[in-house]
Amino acid sequence: MDKKIIANWKMNGSLDSIEKYLIKIKDNSFSTESFVFAPPYPYLSASRSYVKNIAAQNFELFESLTGEVSPESIKDVGCNHVILGHAERRKKFNETDDNILLKAQKCITLNIKPIICIIDFKSIDIIHEIIDFCIIAYEPIYAIGTGKAIDKDDLYKIYSDFKNSFPNSYLAYGGSVDSTNVNEFLKITDGLLIGKASLNADFIINVLNNCTY
Ligand code: PGA
């Protein structure tokens with residue numbers, strides 16, 4: 001599989017700023033095949049007009065619950081990826097690996113690729129049966145939004161050990177990826193999940209245009 005550059009926009013952006021961002025990326029990147037854009041729900045549909053790979057940042061499995069969004073709805077507006085179990089949701093909404101496994105299984109039946117965020121490798125005990133169908137994004141808590149990314153040698157070891165155990169898996173890294181570390185991290189891993197730095201179109205264009213490893 002190609003390296004994936006996943007832009008996690010969290011609650012950022014407006015229709016206008018997102019359209020300008022995506023037009024700039026489309027016009028200046030050699031290829032957007034590797035790019036996966038995860039805007040807030042209201043902008044998913046508009047974003048799909050500009051780039052092929054769109055990710056929702058969550059969905060819910062309940063049949064009818066006020067204020068939540070179903071997997072069928074995100075599929076309907078063109079999502080082919082979904083971020084599940086981000087550390088922020090694990091903390092604020094008590095999301096568990098058991099629940100994330102159920103959500104990921106649902107995605108797989110709908111042909112939506114789950115991007116499962118893990119903060120440590122204990123999660124793998126629960127989700128191991130679906131690993132080969134997912135993107136696993138390892139995001140150590142200390143690195144998320146802090147400007148303190150993982151040490152590249154540590155990441156290399158973690159990645160190698162994981163691949164030895166799960167040779168068909170796809171392991172991405174996230175947490176304070178920026179212009180100082182992006183090239184090294186991209187060389188080591190299968191992809192990157194990027195928060196703050198992904199808001200900058202020039203940064204993403206640069207990464208996509210160097211994404212030839
Ligand atoms: P960051 O966020 O790149 O701003 O650290 C990563 C994330 O929350 O997924």
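We count ligands from 1, going down the list as the structure has it; atoms in each ligand are counted the same way.
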Should the ring pair Phe37 and Phe35 be called parallel, tilted or perpendicular, given that the plane angle runs from 0 to 90° and is split at 30 and 60? parallel
Report, one line per pair, each donor and acceptor closer than 3.5 Å where one atom sits in a side chain of residues 114-124; sequence neighbours left out.
| unit_1 | atom_1 | unit_2 | atom_2 | d |
| --- | --- | --- | --- | --- |
| Asp120 | OD1 | Lys122 | N | 3.0 |
| Ser123 | OG | Asp97 | OD1 | 3.0 |
| Ser123 | OG | Asp97 | OD2 | 3.1 |

Count I, L, V, M, F, W, Y as connected when their side-chain heavy atoms are under 4.5 Å apart, and connections chain through other members. Are Ile144 and Ile135 then in the same cluster? no
- Salt-bridge criterion met for Lys157 and Asp153 (N-O under 4.0 Å): no
Hits for ring-ring contact (aromatic ring centres under 6.0 Å, His included) against Tyr43, two or more places apart or cross-chain, chain-then-number order -> none
Hey, what polar pairs (N/O, under 3.5 Å) does ligand 1 make with protein?
| unit_1 | atom_1 | unit_2 | atom_2 | d |
| --- | --- | --- | --- | --- |
| ligand 1 | 3 (O) | Gly195 | N | 2.9 |
| ligand 1 | 4 (O) | Lys196 | N | 2.9 |
| ligand 1 | 5 (O) | Gly145 | N | 2.7 |
| ligand 1 | 5 (O) | Ser176 | N | 2.8 |
| ligand 1 | 8 (O) | Lys10 | NZ | 2.7 |
| ligand 1 | 8 (O) | His86 | NE2 | 2.8 |
| ligand 1 | 9 (O) | Asn8 | ND2 | 3.4 |
| ligand 1 | 9 (O) | His86 | NE2 | 3.0 |
| ligand 1 | 9 (O) | Glu139 | OE1 | 3.3 |
| ligand 1 | 9 (O) | Glu139 | OE2 | 2.8 |

Taken in chain and number order and not counting sequence neighbours, the residues that satisfy side-chain contact (heavy atoms from CB on, under 4.5 Å) with Glu60 are Asn58, Phe62, Glu68, Arg89, Glu95, Lys103
